[in-house]
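Worksheet: one structure, shown below.
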Amino acid sequence: MGLFRKRNANNDTETQDKGARLVTFVEPRHVISEQFRTLRTNIEFAGAALERLQVIMFTSAEISDGKTTVSTNTAVTWAQNGKSVLYVDADMRRPTAQSTFKTNNMHGLSTILASGEQPKDVVQQTFVENLEILTSGPIPPNPAELLNSKRMESLIQWMRNNYDIVVLDVPPVMAVSDAPVLLPLVDGVVLVTMFGKTMKMSLKRTVEILELGDTKILGVVERIKDSKSDAGYGYGYGYGNNK
């Protein structure tokens, strides 16, 4: 799969350093917040025929396509709708949850999987009602191996037993093998792309890899940068099914 490729150091590290913009929490009446609520509804409709829709993976084809912004804001909308939600920063290579939710990352997913810490002792509350988070924890040398472990299977089952919705923020498919190894454990996948940035061949190959995992692709979110947007958010979103 190879290493992450840096197109622009400032763009690539902005979310990692500052966290995602939680427009759904800061400005719930903003037009973009409404788009995220629509996205939440569309995901639920897309998964209506599934036996269950509880553990949902958000990923992208390439780095800096906006998966963290989409996954965190969608998690907030589920919490605002009264669901008990756990947001999991499963990107143990470029963690962001500690910046988004202004908390520490001394313990998290990596310490549960590597040292056997109990999830109930590591999960943290947030300033968003009904939303708890599991940060990535310290960056390990073997993220894919940890995710592809029996402990991860057990952890996902614990999550199912304790939350209505689990949102997994997972590294880009074309960058590393983390997302594919998690496919057997999730109920569906949301793929995030950046209009004018994500390469068509990368997107096509990503869809092929996800479909090999026999996991339903719930839809594709197309993130559009809009320099004319107010409030400094600069995001627009489109949504569609993968077929």
Side-chain angles (χ1 to χ4, degrees), residues 15 19-62 64-89 96-97 100-101 126-133 163-170 172-173 179 186-198 203 206-207 210 215-243:
T15 301
R21 296 178 175 93
L22 294 180
V23 59
T24 47
F25 176 76
V26 177
E27 295 191 55
R29 296 185 179 181
H30 195 283
V31 62
I32 296 175
S33 298
E34 182 59 35
Q35 290 175 335
F36 278 119
R37 288 190 287 270
T38 300
L39 171 59
R40 178 198 69 205
T41 301
N42 288 343
I43 291 171
E44 291 172 349
F45 274 123
L50 298 177
E51 182 178 342
R52 59 185 175 183
L53 183 65
Q54 188 178 7
V55 180
I56 303 166
M57 175 193 294
F58 285 73
T59 189
S60 59
E62 302 172 352
S64 297
D65 282 350
K67 67 179 177 61
T68 296
T69 297
V70 174
S71 59
T72 50
N73 278 282
T74 307
V76 169
T77 67
W78 264 309
Q80 291 171 333
N81 200 38
K83 300 290 187 182
S84 171
V85 182
L86 178 66
Y87 170 81
V88 182
D89 189 351
T96 56
T100 299
F101 294 98
T126 72
F127 44 77
V128 180
E129 187 177 2
N130 300 323
L131 177 62
E132 296 185 345
I133 62 168
Y163 298 92
D164 297 324
I165 298 288
V166 178
V167 172
L168 296 179
D169 182 351
V170 179
V173 173
V186 305
D187 302 325
V189 180
V190 176
L191 181 58
V192 181
T193 69
M194 171 73 81
F195 180 77
K197 171 194 170 294
T198 307
L203 184 58
T206 295
V207 171
L210 294 176
T215 302
K216 182 174 178 60
I217 301 177
L218 299 167
V220 178
V221 181
E222 188 172 72
R223 177 172 174 251
I224 306 167
K225 281 208 170 185
D226 181 6
S227 60
K228 297 180 181 179
S229 175
D230 59 353
Y233 292 103
Y235 300 103
Y237 294 91
Y239 177 87
N241 292 325
N242 61 298
K243 298 298 186 185

About how many Å separate NZ of K67 and CE of M194, when rounded to the nearest 0.5 Å? 13.0 Å
In this structure, OG1 of T38 is separated from CD1 of I32 (nearest 0.5 Å) by 12.5 Å
Spell out, as yes or no, whether a donor-acceptor pair under 3.5 Å connects the side chain of T100 to the backbone of A20. yes
When you check the side-chain N and O atoms of S84 and N130, is any donor under 3.5 Å from an acceptor? no
Which label fits F101 and F127: parallel for a plane angle under 30°, tilted from 30 to 60°, or perpendicular past 60°? tilted
May I ask you to test the V221-L191 pair for a side-chain heavy-atom distance under 4.5 Å? no
Mind listing the closest non-hydrogen atom pair of A79 and L131 along with its distance? CB-CB, 3.9 Å
Are more than 12 heavy atoms from other residues, nucleotides or ligands located less than 6.0 Å from atom CD of E44? yes
Side chain R37, main chain P28, donor-acceptor under 3.5 Å: yes
The criterion is salt bridge (charged side-chain N to carboxylate O under 4.0 Å, His left out); which residues satisfy it with R29, sequence neighbours excluded? none
Show your reasoning for whether side chain to side chain contact (heavy atoms under 4.5 Å, CB included) applies to F58 and T68. CA-CA 8 Å; F58 285 73; T68 296; over 6 Å; no
Start with the C-alpha distance between V173 and L210, add both sets of side-chain angles, then the distance that settles side chain to side chain contact (heavy atoms under 4.5 Å, CB included), and finish with yes or no. CA-CA 8 Å; V173 173; L210 294 176; 4.2 Å; yes
Does the side chain of V167 reach to within under 4.5 Å of the side chain of L86, using non-hydrogen atoms? no
Would you check if L50 and K216 make a side-chain contact, meaning some heavy-atom pair closer than 4.5 Å? yes
Looking at M57 and V170, what are the two nearest heavy atoms and their distance? CG-CG2, 3.6 Å
Evaluation steps, side chain to side chain contact (heavy atoms under 4.5 Å, CB included), between D169 and Y87: CA-CA 8 Å; D169 182 351; Y87 170 81; 2.6 Å; yes
Would you mind reporting whether D164 and V85 have side-chain heavy atoms less than 4.5 Å apart? no
Hey, are the side chains of L168 and I56 touching, using non-hydrogen atoms and a 4.5 Å cut-off? no
Exercise: do Q54 and Y163 side chains pair donor with acceptor under 3.5 Å: no
Residue pair L218 / F45, side-chain heavy-atom distance below 4.5 Å: no
OG1 of T193 to CD of E222: how many Å apart, nearest 0.5 Å? 4.5 Å
Exactly one candidate in T77, V70, T69 meets side chain to side chain contact (heavy atoms under 4.5 Å, CB included) with N73; the answer is T69
So, does S33 use its side chain to make a donor-acceptor pair with the main chain of V23 at under 3.5 Å? yes
Testing the basics here: between L53 and G47, what is the closest heavy-atom pair and its distance to 0.1 Å? CD2-CA, 3.9 Å
Taking the side chain as C-beta and beyond, is there a heavy-atom pair between D89 and I133 under 4.5 Å? no
Polar side-chain atom of Q80 near backbone of V128 as donor-acceptor pair, under 3.5 Å: no
Atom pair CZ (F25) and NE2 (H30), whose distance is rounded to the nearest 0.5 Å: 16.0 Å
Please lay out, stage by stage, how F36 and T72 fare under the test side chain to side chain contact (heavy atoms under 4.5 Å, CB included). CA-CA 10 Å; F36 278 119; T72 50; over 6 Å; no
